[in-house]
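This structure is a prediction, so every number in the text was calculated from the model and none was measured. Per chain, numbering begins at 1; letters A, B, ... match sequence-line order.
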Amino acid sequence: MRFSKMLIPTLKETPADAEAVSHILMLRAGYVRQLTAGLYIYLPLGLRVIEKISKILREEMNAIGAQEITMPVLHPSEVWQQTGRWYEIGEEMFRLKDRGSRDMCLGMTHEEIIAWLAAREIRSYRELPQIWYQIQIKLRDEARPKSGVIRTREFLMKDSYSLDADEKGLERSYQLHAEAYHKIFSRCGLKFYMVESDPGMMGGATAHEFMAPSPAGEDEFTMCDGCGYAANIELALSIPKEVEAKNWILEEVYTPEKRTVQEVSDFLQLDPEYFIKSILLISDKDPVLALVRGDQELHEKKLNRIIGKHRQAHKEEVKEILGVEAGFIGPMGHRLKIIADACLKEGVYVSGANKPHYHAKGIRPGKEFTAEWNDIHVVKEGDSCPKCNAPLRVERAIEVGNIFMLGTKYSIPMRAFYLDKNGQERPIIMGSYGIGPARIAAAAIEQNNDRDGIIWPKSIAPFDVELLPLNIRDSKTVEIAEKIYKGLTEEGIEVLMDDRDERAGVKFKDADLIGIPTQIIIGEKNLKEGLIEIKDRKTKEAVKVGFREVVEKILQSQIQAETGRAYLKS
RNA sequence: CGGGGAUUGGCUCAGAGGUAGAGCACUCGGUUCGGGACCGAGAAGUCACCGGUUCGAAUCCGGUAUCCCCGACCA
């Protein structure tokens with residue numbers, strides 16, 4: 001392709017409302033434009049990247065026997081009502097009415113539609129297993145679209161769904177996907193981890209996410225270098241560092257106006273881990289007192305699984321229920337249900353004395369109070385691995401893919417049944433698996449850039465090579481450029497030729513910004529000696545070669561880049 | 001949904017009661033040509049919207065909308 005004929009609107013300055021590196025670079029390098037919050041236009045370069053990624057997705061999905069189909073974006077409400085999600089999902093679902101005032105919605109995901117299809121088309125165990133997938137638009141009215149293309153209201157998704165006769169089959173399909181996903185993300189040049197995740201609203205018991213480490217990510221996960229334990233912070237378990245038990249005797253200490261752990265800790269000159277933080281929560285049924293150690297944060301989601309929906313009590317409620325003002329609550333002497341983090345089982349602590357301006361020192365859990373013990377703290381860097389006790393790391397990441405074992409959550413309400421060998425009717429066992437191509441692109445940029453711009457992994461770059469004839473008024477330059485362009489193109493190499501009548505500096509800057517991995521520079525000086533420069537975008541290293549050897553050199557490096565794949569050029 | 005910030009030419013921004021500015025980009029002419037050149041000339045904005053205060057509002061006061069950030073939420 002010729003640069004002069006392509007829409008590549010690069011920007012010299014950083015757009016005011018972009019913050020994430022991938023967002024800034026996608027805008028500056030002319031890959032995308034924002035229509036409004038969470039809605040993006042993909043320009044020619046952007047589309048090429050998405051298509052490169054889609055191609056890899058198709059190859060790897062097809063390789064595990066998945067079949068591509070395509071389903072509507074517009075759905076009738078009935079199928080969603082049948083599984084109950086029409087009522088469970090709130091404002092995140094775009095809802096509308098058709099002209100006959102029939103309730104419709106825009107698809108956020110397609111479990112319902114797959115189950116609907118399966119209910120009609122799958123009759124016998126002989127037709128199982130199946131894996132169906134599509135690469136198609138999803139719509140979600142996100143509360144807060146952010147970070148450019150990372151969280152949008154409309155986005156492309158590769159979603160696949162497995163249909164199996166039994167749990168064993170589901171495990172096999174799940175495993176196939178996990179392996180395909182590893183290949184996909186590796187081929188896309190991402191650094192990533194597969195971590196345990198919360199199945200959340202998808203239902204089902206087992207789920208994993210594929211996390212590409214990046215400061216622009218919205219998720220945090222923890223990772224053990226010792227045994228490989230890796231989990232989303234939403235459910236990660238850990239053993240907090242041990243605290244030496246003091247031999248305090250129970251006493252009340254005067255702590256005027258000191259309410260937070262930090263304040264009391266400073267006042268008494270004791271580290272926060274010697275404190276018990278008491279938090280009053282109001283659940284649907286009863287108030288509950290949650291206890292975590294002073295150096296920990298209460299994990300809302302973990303607690304959610306134990307006591308269900310809840311919220312923090314207001315100040316007045318604390319006083320009313322516990323008889324003390326917030327800041328001086330302690331775990332002793334209450335009638336209500338107490339849930340404490342497991343690490344509090346041992347040790348001697350300080351906590352509120354249930355008396356204004358007093359704290360109690362020398363509290364021994366099990367003696368001064370009893371509680372239900374559970375892991376309800378948020379994992380911190382440096383905590384120990386629950387499996388092997390090695391130190392845990394915590395990293396921020398972009399969730400680029402996820403896999404869920406669903407079971408029969410959708411097949412039963414949708415009546416997706418089959419007949420087994422004995423002629424008995426059984427629900428199909430489902431799994432669902434997603435990948436966001438735009439997030440792959442964003443993560444690739446987040447992980448591969450420098451001050452000059454994007455550095456694409458070869459596999460998903462919009463072009464293989466950018467050809468830079470520096471001075472297109474020089475006929476020799478143009479002649480050679482055209483030859484190389486033709487030669488490479490005939491070999492199946494995708495070339496972007498910067499044939500604009502621009503100064504060399506402008507072309508260099510744009511080439512670095514756009515981030516095509518290899519640059520071929522044709523300048524008058526080198527040309528006089530019959531030489532052309534081949535420059536690597538990442539290392540900035542350049543080699544000079546005779547212009548007749550250029551095509552061959554490029555071909556060689558392309559083949560090297562395909563390592564591990566049976567790439568044959570006929 | 002809670003909190004914070006922003007909104008002035010295509011882009012990045014300045015201007016703080018007296019009627020609109022710069023740099024870049026764009027158009028034309030000239031000079032230049034291996035890391036976002038230079039000189040000259042031009043075109044381009046009902047200062048987000050609605051209302052109020054004022055002789056007079058981009059500027060002060062209400063309100064609304066949109067965008068961004070933090071948090072809650074997140075198939």
Side-chain angles (χ1 to χ4, degrees), chain A residues 9-20 23-24 27-28 30 33-39 75 80 83 85-86 88-94 105-114 138-148 150-153 155 157 159 161 197-204 207 209 216 218-219 232 234 300-301 304 309 311-312 399 401-404 406 409-410 432-434 436 451-453 468-474 477 498 500-513 519 521-528 531-533 535 540 542 544:
Chain A
T10 58
L11 266 23
K12 253 194 234 183
E13 279 170 295
T14 300
D17 48 14
E19 195 134 314
H23 189 202
I24 291 172
L27 290 169
R28 283 199 55 214
R33 285 296 181 259
Q34 188 187 83
L35 210 209
T36 185
L39 297 175
H75 301 175
W80 288 82
T83 63
R85 279 159 120 192
W86 178 261
E88 285 165 29
I89 298 172
E91 291 180 305
E92 207 184 338
M93 183 187 270
F94 280 109
C105 66
L106 302 180
M108 345 178 34
T109 176
H110 284 74
E111 284 77 16
E112 276 77 1
I113 312 300
I114 287 285
K138 299 282 177 280
L139 291 123
R140 297 177 193 176
D141 197 357
E142 291 287 351
R144 180 149 104 85
K146 57 184 281 203
S147 307
I150 292 173
R151 186 162 213 89
T152 54
R153 294 193 290 176
F155 58 97
M157 179 163 161
D159 46 325
Y161 305 86
S197 72
D198 183 357
M201 158 160 214
M202 293 296 300
E209 288 165 337
E218 305 177 280
D219 289 274
N232 192 309
E234 287 173 4
E300 299 282 340
K301 280 205 171 161
N304 219 333
K309 265 209 153 131
R311 61 171 172 83
Q312 283 217 8
E399 180 190 346
N402 51 31
I403 54 182
F404 296 93
L406 300 175
K409 174 166 179 183
Y410 301 94
S432 112
Y433 317 86
R451 120 172 60 74
D452 294 315
L468 300 165
L470 295 185
N471 180 6
I472 60 147
R473 293 165 186 218
D474 177 58
T477 300
D498 193 346
R500 294 175 301 169
D501 184 8
E502 287 287 356
R503 300 165 57 86
V506 173
K507 295 192 182 187
F508 285 133
K509 287 288 182 193
D510 275 347
D512 287 349
L513 223 206
Q519 301 172 359
I521 299 159
I522 305 172
E524 287 174 85
K525 283 172 205 155
N526 284 326
L527 213 50
K528 275 180 192 141
L531 295 174
I532 302 285
E533 218 173 293
K535 189 170 172 184
K540 305 246 167 159
K544 289 180 187 176

Working for side-chain contact (heavy atoms from CB on, under 4.5 Å), residues A:R153 and A:L39
CA-CA 6 Å; A:R153 294 193 290 176; A:L39 297 175; 4.2 Å; yes
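- Mapping A:R153 and A:E524 onto RNA chain B by nearest heavy atom places A:E524 closer to the 5' end of the strand.
- Atoms CZ (A:R28) and P (B:A25) sit 14 Å apart, rounded to a whole Å.
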RNA chain B in dot-bracket form (Watson-Crick or G-U pairs under 3.5 Å, [ ] crossing, | inter-strand) is (((((((..((((....[..)))).(((((.......))))).....(((((..]....))))))))))))....
Go through A:R473 and A:D501 one step at a time and tell me if the side-chain contact (heavy atoms from CB on, under 4.5 Å) criterion holds.
CA-CA 8 Å; A:R473 293 165 186 218; A:D501 184 8; 2.4 Å; yes
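- In this structure, A:E218 places its CD atom 13 Å from P of B:C68, rounding to the nearest Å.
- Within 4.0 Å of A:M157, counting heavy atoms only, lies at least one base atom of the nucleic acid.
- Among the protein residues, A:E533 comes within range of the nucleic acid bases, having at least one heavy atom under 4.0 Å from a base atom.
- Look at the C1' atom in both B:G35 and B:C26: the space between them is 23 Å, to the nearest Å.
- One interatomic measurement links the two molecules: CD of A:E142 to P of B:A72, which rounds to 14 Å at whole-angstrom precision.
- Between B:U8 and B:C13, the distance separating the two C1' atoms is 9 Å to the nearest Å.
- Between the side chain of A:K528 and the base of B:G34, no donor-acceptor pair of N or O atoms lies under 3.5 Å.
- A salt bridge links A:R85 and A:E111; the closest N-O separation between the charged side-chain nitrogens and carboxylate oxygens is under 4.0 Å.
- Interatomic distance, CZ of A:F404 versus OH of A:Y433, reported as 11.0 Å (0.5 Å rounding).
- B:C28 sits 44 Å from B:A65 when the P atoms are compared, rounded to a whole Å.
- A:R503 has its CZ atom 10 Å from the C1' atom of B:G35, to the nearest Å.
- Note: NZ (A:K12) to P (B:G35) measures 14 Å, nearest angstrom.
- Distances shorter than 4.0 Å separate none of the side-chain N or O atoms of A:T10 from OP1 or OP2 on B:G36.
- Comparing the C1' positions of B:A16 and B:U59 gives a spacing of 5 Å, expressed to the nearest Å.
- Side-chain N or O atoms of A:R28 include none that pairs as donor or acceptor with a backbone N or O of A:T10 at under 3.5 Å.
- Phosphate contact (OP1/OP2 of B:G34, side-chain N/O of A:K507, threshold under 4.0 Å): absent.
- Closest approach to the A:K535 side chain among B:U32, B:G35, B:C24 is made by B:G35 (side chain taken as heavy atoms from C-beta onward).
- Remark: A:T83 OG1 to A:I89 CD1 distance equals 7.5 Å, nearest 0.5 Å.
- Under the 30°/60° scheme for interplanar angles, the aromatic rings of A:H110 and A:H75 are found to stand perpendicular.
- For B:C47 and B:A20, the P atoms lie 10 Å apart once the distance is rounded to whole Å.
- Comparing the C1' positions of B:G10 and B:G62 gives a spacing of 33 Å, expressed to the nearest Å.
- Taking atom C1' in both B:U54 and B:C69, one finds a spacing of 36 Å when rounded to whole Å.
- At a threshold of 4.0 angstrom between heavy atoms, the contacts of A:L527 with the nucleic acid are absent.
- One can place CG of A:L470 at 14 Å from C1' of B:G36, the figure rounded to the nearest angstrom.
- The distance from atom NE2 of A:H23 to atom P of B:C67 is 12 Å, rounded to the nearest whole Å.
- A:S147 comes within 4.0 angstrom of the backbone, heavy atoms only, and of no base.
- B:A22 and B:A44 have their C1' atoms separated by 15 Å, with the value rounded to a whole Å.
- The side-chain heavy atoms of A:L468 and A:I522, taken from C-beta on, include no pair separated by under 4.5 Å.
- Between atom NE2 of residue A:H23 and atom CG of residue A:D17 there is a gap of 6.5 Å, rounded to the nearest 0.5 Å.
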Readout for nucleotides 1-12 of chain B: B = base within 4.0 Å of protein heavy atom, S = sugar-phosphate only, - = neither; 5' to 3' it is B---------BS
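- B:A37 atom C1' lies 15 Å from atom CG of A:D510, rounded to whole Å.
- Listed candidates were B:G34, B:C69, B:U66. Nearest to the side chain of A:K146 is B:C69.
- In the interface, the side chain of A:N471 is not paired with the base of B:G34 through any donor and acceptor atom under 3.5 Å apart.
- In this structure, the side chain of A:K544 does not engage the main chain of A:N526 through any donor-acceptor pair within 3.5 Å.
- Proximity note for A:Q34 (side chain, C-beta onward) versus B:C33, B:G36, B:C68: the nearest is B:C68.
- Looking at heavy atoms from C-beta onward, A:L527 lies in side-chain contact with A:T477 at the 4.5 angstrom threshold.
- Side-chain contact between A:I521 and A:K507 is absent, with no heavy atoms from C-beta onward closer than 4.5 Å.
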